[in-house]
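Contents: one structure, followed by commentary.
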Amino acid sequence: MRLRGDVNVLAPIAILLPLVAGALLFVLPDDPRLGKIYGTLVAFATLVVVLLARHADWSVRWLARPFTAAFHVGPTPIGWWLALLLGLCTLCAVAATNLPRQRSFVAQLLLLEGTMIGLFFARDLLLFAFFWDAMLIPVFFVLLGWGSHPATAWRYFIYNFAGGLLLLFATAAFGVIYGSTDVIGQSGAPLIGAWAPWIFAGFALAFLVKTPVWPLHTWMPATYADAPSPLVAVVSAVQSKAGLYGFLVIGLAYLPTYVARFAPELVVLGAISLLYGATVALVQPDTKRVVAYSSLSHLGLIAIAIATRNPLALQGALVYIVAHGLFSTALFLILGYVEEREGTRSLIRLGGLGHANPRLTGAFTIAALAALGLPGLAGFVGEIVILSGVYQAGWTWAVIVALIAIVLASAYMLRLLQDAMNGPVVDDLPVRRDLTWIEGLAVAPLLIALLAIGIQPHAIMAAIAGAVR
Amino acid sequence: MILNPFGTADWMAIAPIVALAIASLLVLLADLVARPAISRYGAVAIGLLGTAAAAVLAAMQYGHVYAAFFGGFVTGGFTTVFEEIVAIALAGSLALYATLGDPKRIGGTVALMLWGSCGAMLMAGAANLMTIFLGLELLSLALYCLCGMVDRRGARESALKYLILSSTASGFLLFGMALLFGASGSVLLADLARPQLAANPLFWMGSGLFLIGLAFKMSLVPFHAWAPDVYEGAPLPVTAYMSVATKAATLAVFARVLYAALPAGTASHVMLPVWIVAGISMIAGNVGMLAQHDLKRLLAYSGIAQVGYILTAMAGGSALGLRYAIYYLVAYTFMNLGAFAVATAISGEHEEGARLVSYAGLARRRPWLAAAMTFFMLALAGMPPTAGFLGKILILATSADSGYAWLGGLLVAGTAISLYAYAKVVRAMYLPQSGDHHVADLRPIAPLAWISVTLCLIGVIAMTFYPLTPSNVLPLLR
């Protein structure tokens, strides 16, 4: 049965559903249970809509001058996978939420989901920039309202807003030169001219801040450590991928010569992030910071893969983007459970949780093994394909650096597992209950998806075709 | 025997201004007749009706270009647009007087505001030097009085400061006009565009002094120091009015000079200092905003920077740039009036809404007002989904297109700085641990302020998704 005409309208619905539902939640009564059930249902409905909207394409004219722009939404193949990842992560995050003022928090999560689906569905560069800035606002409010230090909110907001402004300027210049910003996912000619390097610089800086890549990462560890786990799960799993997505659909598609010209610089930055993140993760005493720095490390690897423009590396990059999203969501959610139960994130104070909480430990172990690249899980597929591609492209030293970092990844992930979950029971920590079935249900889909992608990654790999010239 | 040299068409051209003048006389008359004095709502209602009449009359002239009074006042698309902006600013500020201000002086206050708007509208259509000066002085004289229209030391300081500094600027302006007249032998702006003037040193000196006068009125750095002090002392509705109407009227004069009254080829040289000053304003205004604890001072510094953004759009001298400047000015009008309306809605006799401490914990006490204020602050910072976002991208596109990308770069840098200051207001409202010790809800219901907030919100959102810009703003002169 073909319902082409009806399918197209699913694209705006996927964006508006969480936005409207999130705004509506603010006027509903402030009941924590209601907020969570409502939020879970909306997130689930959104996931279904995103799933169905794979071939949707919907457009309305926005600007005619100084360049044409449209409210053009519909997922690119890459964007669809990211939106799907976002839908799943948000669903799990909402289901795992257990916070004061829960209703408002869930509402902000839904608003965040709506703006980010907008970002991944945007086929117009101006609309992309629009959602790029809009998605900062819910995170800022959550950091203000639920974070432990207001300074973190500032750092996050100003860093990312500055990046967003560069993106805005680059978009404006792109539009003026190109005549249209309705370009994402379409096979237009690459941008040329005297302005092109500056436009590339604007985009690249904005994307590198968002990813983040060393040395633009300083907003990230504090944000990931201070914010409530469900939010961090979504931000680290999906929002941080917005920059990489931008590199794929704008950088590689419209400024390929400049990606090629600046590939050495990008690879070096990626390699530094890779090693620096892994080394810092090795010594951090704070559980969430360990995962935060491991994210820096993993995303550095993806940045390298994209910079090489090797088709194999790009396929690996997309798989790894999805895999990292899944395992970092799982890790942050489970560490959130631990923090809730034990009241601490310190590896020095934690220990021996495995004795009392076997289910929690089991789930955490699977996620940690995926993060360190155990064969059979999604992380391994991503890493091995990326490394083959990067080697194929001739960056042998980068492969060596990455291998060192992967060894380090095993070290810090096992350290996390060892110090928090295994070992003797720490006496001053009261024994808390194991995962409830709702909490377990909230992370189970992520672990299942990790296994499924580890076995069958081809569908994701196919999405990358056509992204590179 | 002297015949009346002006026909009906001349008088029709200034019909909106006449409507405002009549309304202001009616307010005064009603104040005289009514016992003991005209009621607050009565005065505001007459004022709003007059404004509405003026707006309708101005709208009727949109497509009709006519040079009235021997070319002293030109009607048409551009004039209409700026008259409408003044009308919006007037309506938005009058609405605030429904809850604020001394009830005994309400009649005079409203009348002065209407007269000041006559001056602002005159500037919108002014096409010779004398009309410009007439409009400017009419506006300024009304504002001097309005600034002092409340029994407060700060208000008297504000009025005096504004009087002295603004008169100095008028002196520059007038001297510049005299030199320009000496150079061209005519008061008509159109005669300033004659090519032989480019070689005349009087023209260069005259336009330099003239632009200094305008830069002062637009509060560009380094002529900006009056703005925060005057805004701080003046009553809230007057500050709201000044921050929008004065800027709009002065920008109208500036645009007319830039687009129509310069000899061909001289614009980029004559105006270069203005662009540099605009660039400095974008940085200095936003930096100055960071340290403010008073909403009026904060918005004064914000205004200094925002004028810089608007000038960036005009820098290339393209028709499209002018349209985007107008677009941004209208958006700015809505954002600013909205922010002031929120401030009024939480103000009592002592204008508590002007101080940032009053916003602590507002999100819990008044969630809707806090949400609206957040929206206006994000709009001023240029975040989506607001017209501020789209306005900025249009301005950036124009600056990249017209070879003034360096102004675009300064705009980006300035905006990045400004976010901290705007978000400071948001943070005060939403930070959970902030105290409730400055509860200022003396007037739980301020219906006109609420309506104003709502209309401004609708304006800002609608402009984002339907970015209409007036198409027939050129030619500015005949």
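Below, read A as the first sequence line, B as the second, and so on, with proteins coming before strands; counting in each chain starts at 1.
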So which heavy atom on A423(B) is nearest to which on F140(A), and how close?
CB-CZ, 4.0 Å
Given that the side chain runs from C-beta out, which part of L126(A) has a heavy atom under 4.5 Å from chain B: side chain, backbone, both or neither?
both
I need the minimum non-hydrogen distance between F71(A) and F465(B), along with the two atoms involved.
CZ-CD2, 3.3 Å
Need one label for L320(B): side chain, backbone, both or neither, based on atoms under 4.5 Å from any heavy atom in chain A.
side chain
Among A397(B), P384(B), A416(B), which has the most heavy-atom pairs under 4.5 Å with chain A?
P384(B)
Gap separating the CG atom of L378(B) from the CD1 atom of I137(A), nearest 0.5 angstrom
4.5 Å
Against chain B, label F26(A) side chain, backbone, both or neither, depending on which of its atoms sit under 4.5 Å from a heavy atom there.
neither
To the nearest 0.5 angstrom, please state how far the CG atom of L419(B) sits from the CG atom of L165(A).
8.0 Å
Contact part of A405(B) toward chain A, heavy-atom cut-off under 4.5 Å: side chain, backbone, both or neither?
both
Which donor-acceptor pairs fall under 3.5 Å between chain B and chain A:
from, atom 1, to, atom 2, distance (Å)
Y324(B), OH, R65(A), O, 3.0
T464(B), O, W62(A), NE1, 2.9

Nearest heavy atoms of G409(B) and F169(A), plus distance in Å:
N-CE2, 3.5 Å
So for I417(B), is it side chain, backbone, both, or neither that comes closer than 4.5 Å to the heavy atoms of chain A?
neither
Mind ranking I393(B), V426(B), I395(B) by heavy-atom pairs under 4.5 Å with chain A and telling me who comes out on top?
I393(B)
For L28(A), I'd like to know if atom CG has over 12 heavy atoms of other residues, nucleotides or ligands within 6.0 Å.
yes
Taking side chain as everything from C-beta outward and backbone as N, CA, C, O, which of these in L390(B) sits under 4.5 Å from a heavy atom of chain A? Side chain, backbone, both or neither.
side chain
Residue selection (most heavy-atom pairs with chain B, distance under 4.5 Å) from I158(A), L136(A), L166(A)
I158(A)
Which portion of F174(A) sits near chain B, non-hydrogen atoms under 4.5 angstrom
neither
